[in-house]
Structures are given as structure tokens and as C-alpha cells.
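Here's the structure we're looking at; comments come further down.
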Amino acid sequence: MKLADNKATLSFSNGSPNIEFPVYTGTIGPDVVDIRKLYAQTGMFTYDPGFMSTAACESGITYIDGDKGELLYRGYPIEQLATNCDFMETCYLLLYGSLPNQQEKTTFSDLVTNHTMVHDQMHNFVRGFRRDAHPMAILTGLVGAMSAFYHDSTDIHNAEHRKISAIRLIAKMPTLVAMAYKYNVGQPYMYPRNKLSYAGNLLHMMFANPCEDYVVNPVIEKALDRIFILHADHEQNASTSTVRLCGSSGTNPFAAIAAGVACLWGPAHGGANEAALKMLEEIQVMGGVDKIGEFINQVKDKNSGIKLMGFGHRVYKNYDPRAKLMQESCKEVLSALGLENDPLFKLAMALEKIALEDDYFVQRKLYPNVDFYSGIVQRAIGIPTSMFTAIFALARTVGWIAQLDEMIGDPDYKIGRPRQLFTGSSQRDVVAIAKR
Ligand code: SDX
């Protein structure tokens, strides 16, 4: 980052001396006021719950322009990556900063392919869960448990360990996600097949069974690969910030990524795709398109506690570019599968149209986000609703790893330790219980 010509001066109305802070500028996007010395110089903290105006780090991985609705991975627009690259190229880009040539891509993909199997003892670990456990509960456990199986790559400060654990996590997430699914449905696990693509392998491990041959549908394979690309990274979102904060204590990479899986599960974050599809199904049951107005009124009534899931975003105050690409995938997949008249897709598009013309949403700059259409695509390709967030976690693993690696690779990083505004009880003495 570069020192800007501009400076920030803090003045107090109580006559305390002014304080000057440096302003830094990046490649693109907002400048930052460096307040690291604020507490030492004033004895005061800044106050920013939810981090609405706080840059927690410097990063060169992903850039979002929320006003324009733009998303860049290492400078490449998401639209170009989703159209011209596959997920393996995107993983390479996020991890190493440049797109691979054919040889680099082949070497990287082969490395991932050769790490897709998990320690066979993990199959016993899964058996400890109830069969009806939510897949994200199983996945949170399985990812954290990787630190109990891969002891030779747990030192987060060892660059070689970080490299090996990165490949292991990217390679094994599809296997773990498929294990959670097969465990839920009571079917035997399917081992990964080295001749299949990354997306093809997940489809095989989820939907093949030992009794018959399974052929990967190329349309579904391509749609799934694009879903992975669109979900791969997204700047300092809640789960990425969780991974950074967790990793800053020096814990092992598997534990830090497991923390990200746990955070992503929330319906305000990665759990929104599951919630958005359930919302569409509820409107469908209510009566479909004719009931959209009634539902929108419930959303606008604050007391209802109902939100339009898949809409709104902390950063995007314009259309999420991923939602546009996801809508395109919806159309491609549904027509390829002869489901052009899928009622939920039609309902989603009608709901979007009505919401985008409604002042409540326009005023608050609420647009569809990545989760609004992703559930419809996944449902069309046969993925059950309960698995949507697990698929999101699978795709976001590479982003979490890249962000964690960037932080740990910075020799100046410190353990994250925010402060607070204390409004609790000042010191008081314990009274014996007999007198309370
Ligand atoms: C993801 O951060 C990321 O990058 C996340 C993500 C990623 O790739 O990592 O993009 C993935 O998490 C996408 C978001 C998925 N979540 C949802 O779709 C859940 C529904 N959306 C909302 O919960 C909400 O929009 C958030 C959580 C996404 C953003 O919330 P903010 O930034 O804290 O905004 P806010 O809650 O302060 O909302 C501002 C106003 C409020 O109304 P007022 O108090 O001003 O009257 O807009 C309203 C909110 O009530 N509002 C909504 C709404 N989202 C915001 N009203 C109805 N429906 C919604 N979805």
C-alpha cells in the first residue's frame, strides 16, 4: 500500500490536541485512514460493530466494487473467468496470483486429483453422527477432524505445510461433501475416480452407486464447475474474516478452515441459498406468482421478521454480478434438461422483477445476490437443498486458503484481538450467598 498525499486529522471539542493519521491508498477502491496509533495517543478506541467502515487487512486477492456490481479475482472480472476458465484454473489463480499455462494447469490438476481420497478411518468418524445430521454439521466436524489425520501438514508457519494442506483441503472437500450426502441418504460411499474432472468427481461420488455405471452429464458438470468459480472467493466476508482471525492465533490450517465452514453455515451468509430455495417453495405452496405481493408485504412489515432471502448485500448496492451469471446458468441447465418451465425459476424471476420495482427494495439498494439463483441451479442438477451450503463451502475453501496464506505470509501480521466499549457493571464486591 502507498502513503497518500492526503492526511486525516482528528479534533476534539473538549480542547484535546488534534491528532493526525496517515492515509494509505491501494490499487483501486477506497483509501484507508491508518488508526493503529489511536489508542496509544488518545486512550480511545474506534467503534465499528459489524465492521461497516473497517478495513481489517491489506489484500491483493479479490476486489469488489459494490456500487458498480463488479468482482475481480486477482484483477480478472468474474464474467471472464466464468466464461473462459474452469475451477482448477481459478484455484491456481487465487492461490498463486496468475492464471496457469497448460503445463501449470495440468500439474496442479493432477496434484489435486491425487489427493482426493481421505484417510479411510474418516469413514468411521462419520458413523458417529446421526443419519439425519445436517450436512454442514457433518462437514464442520470432518474438516476440523482433518487436523487429527494429517499431522505432517499442520504447522501454519511452515510454507511447505501450508502448500500441502491447501492441496489436501481443495482435493478432499468434494470427497467429504459427498460422504456427508451418502451418509444422510444411507447409501455406500463412492470413491473418487482419477479420470474424472473436479466437478465430475463430485457428481460421481454423490450420485453414482455400486450397482450400475454412472455417466457424468457434461451440461451439469459445466454448470457445477461454474458454481464453484462464482463462489470461490469474495474479499473479507464473514467466513473469510473468521478464517483469518482463527488462523491468526497460529492454529493449524484445517482448524482455521473448519471455522470458516461453521461461519458460512449461517442463513445471513452462505446458508442463504438453502433459505432462498425454501422461501421460493413456501411462496409456491402459498399460491405461486399470485402470492408474491402478499409475501413482499410481509417482508416490508418489520414485525414479520421475514427477509427476502438471496437479496441484499453488505457490499453490493447494485446487482451482484454472480447472480447474473447464476441466472444464465439456470437458463442453460433448465433448457438442457428440458425444464424450461421450471415453476420455481419462473417464480424467482417474477419475484426479482416485482422486488426491483418496489420502492422498499430500491431505496435500500437491495438486489439479488449470489444465493438467489444458486439454489435453483443446484436443485435442477439434483443436489438436495440441505447440501447447497456444503457446495458453497467446497467452492469457498480455495478462497479461504488463499486469504489465510496471504495473512500468514505477511511477516508483520499479528493475532487479531479487537477491543470493546464496556457498558457493564463497574467493580462491586461479592455478597455471601446467605445474604443475597
Ligand atoms: C453471502 O459478505 C459477503 O461477501 C457474503 C457473500 C460471499 O460471497 O461471501 O456474498 C455471500 O452471504 C450473500 C448474502 C446472503 N444473505 C442473504 O441473502 C440473506 C438476506 N440478506 C440480508 O440478511 C442482508 O441483506 C445481508 C445480511 C446480506 C446484508 O445485511 P446488512 O449489510 O447488515 O444490511 P442491513 O441488514 O443493515 O439492511 C439494510 C436495510 C435494513 O432495513 P432498514 O433497517 O434500513 O429499514 O435493508 C433491509 C434491512 O432490514 N434488508 C432487507 C434484506 N436485506 C436487508 N430487507 C428484506 N430482505 C432482505 N434480504
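Read the numbers this way: they start at 1 and go in the same order the structure lists the ligands and their atoms.
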Starting from [atom], which protein heavy atom do you reach first, and at what distance in Å?
{"atom": "atom 6 (C) of ligand 1", "value": "His313 NE2, 3.7 Å"}
{"atom": "atom 24 (C) of ligand 1", "value": "Phe311 O, 4.4 Å"}
{"atom": "atom 14 (C) of ligand 1", "value": "Asn369 ND2, 3.5 Å"}
{"atom": "atom 52 (C) of ligand 1", "value": "Leu366 CD1, 3.5 Å"}
{"atom": "atom 43 (P) of ligand 1", "value": "Lys302 NZ, 3.3 Å"}
{"atom": "atom 15 (C) of ligand 1", "value": "Asp371 OD2, 3.2 Å"}
{"atom": "atom 4 (O) of ligand 1", "value": "His234 ND1, 2.6 Å"}
{"atom": "atom 19 (C) of ligand 1", "value": "Met309 CE, 3.6 Å"}

Does [X] reach ligand 1 with a nitrogen or oxygen that is under 3.5 Å from one of the ligand's nitrogen or oxygen atoms?
{"X": "Ala238", "answer": "no"}
{"X": "Val370", "answer": "no"}
{"X": "Lys317", "answer": "no"}

Would you verify that at least one protein heavy atom lies under 4.0 Å from [atom], or report that none does?
{"atom": "atom 26 (C) of ligand 1", "result": "no"}
{"atom": "atom 10 (O) of ligand 1", "result": "yes"}
{"atom": "atom 46 (O) of ligand 1", "result": "yes"}
{"atom": "atom 2 (O) of ligand 1", "result": "yes"}
{"atom": "atom 34 (O) of ligand 1", "result": "no"}
{"atom": "atom 29 (C) of ligand 1", "result": "yes"}

Nearest heavy-atom pair of Leu230 and Ala82: which atoms, and what distance? CD2-CB, 4.1 Å
Over all atoms of both residues, closest heavy-atom pair of Ala180 and Ile138: CB-CG2, 3.9 Å
Exercise answer: donor-acceptor pairs, residues 345-353 side-chain atoms, under 3.5 Å, sequence neighbours excluded:
residue	atom	partner	partner atom	Å
Glu352	OE1	Tyr319	OH	3.0
Glu352	OE1	Gln327	NE2	3.2
Glu352	OE1	Tyr373	OH	2.2
Glu352	OE2	Tyr319	OH	2.9
Lys353	NZ	Glu357	OE2	2.9

Can a salt bridge be assigned to the pair Glu282 and Lys278 using a cut-off of 4.0 Å between side-chain N and carboxylate O? no
So the side chain to side chain donor-acceptor pair (under 3.5 Å) pairs with at least one residue in residues 221-230 (sequence neighbours excluded) are Ser197-Glu221, Arg226-Ser329
[X] heavy atoms, cut-off 4.0 Å: which ligand 1 atoms fall inside?
{"X": "Val299", "result": "57 (C)"}
{"X": "Asn237", "result": "2 (O), 3 (C), 4 (O), 5 (C), 9 (O)"}
{"X": "Ala268", "result": "12 (O), 14 (C), 15 (C), 16 (N), 27 (C)"}
{"X": "Arg314", "result": "29 (C), 31 (P), 32 (O), 33 (O)"}
{"X": "Gly310", "result": "17 (C), 18 (O)"}

Using a 4.0 Å heavy-atom threshold (strictly under), name the region of [X] that reaches ligand 1: side chain, backbone, both or neither.
{"X": "Val315", "answer": "neither"}
{"X": "His269", "answer": "both"}
{"X": "Ala276", "answer": "neither"}
{"X": "Leu308", "answer": "both"}

List the steps, then state whether side-chain contact (heavy atoms from CB on, under 4.5 Å) holds for Asp31 with Asn6. CA-CA 10 Å; Asp31 289 352; Asn6 193 6; 5.7 Å; no
Which of parallel (below 30°), tilted (30 to 60°) and perpendicular (above 60°) describes [X] and [Y]?
{"X": "Tyr198", "Y": "Phe87", "result": "tilted"}
{"X": "Phe361", "Y": "Phe311", "result": "perpendicular"}
{"X": "Tyr92", "Y": "Phe108", "result": "perpendicular"}
{"X": "Phe129", "Y": "Phe125", "result": "perpendicular"}

Should one rank [options] by closest heavy-atom distance to [atom], which comes out on top?
{"atom": "atom 23 (O) of ligand 1", "options": "Glu235, Arg396, Lys307", "answer": "Lys307"}
{"atom": "atom 17 (C) of ligand 1", "options": "Ala323, Ala275, Ala272", "answer": "Ala272"}
{"atom": "atom 56 (N) of ligand 1", "options": "Phe372, Tyr367, Tyr360, Phe361", "answer": "Tyr360"}

Would you say the side chains of Gln363 and Asp359 form a donor-acceptor pair under 3.5 Å? yes
Under a plain distance cut-off of 3.5 Å, with no hydrogens placed, do Glu406 and Ser59 share a side-chain donor-acceptor pair? yes
Close side-chain approach of Arg396 to His234, heavy-atom, < 4.5 Å: yes
For Met1, I'd like to know if atom CE has over 12 heavy atoms of other residues, nucleotides or ligands within 6.0 Å. yes
Between Ser109 and Thr106 (side chain of the first, backbone of the second, donor and acceptor by atom type, cut-off under 3.5 Å), is there such a pair? no
Distance-only, no hydrogens or angles: does the Asn114 side chain make a donor-acceptor pair with backbone N or O of Asp110 under 3.5 Å? yes
Under 6.0 Å between the ring centres of Tyr181 and Phe207? yes
Answer with yes or no whether Gln236 contacts ligand 1, where contact means a heavy atom under 4.0 Å from a ligand atom. no
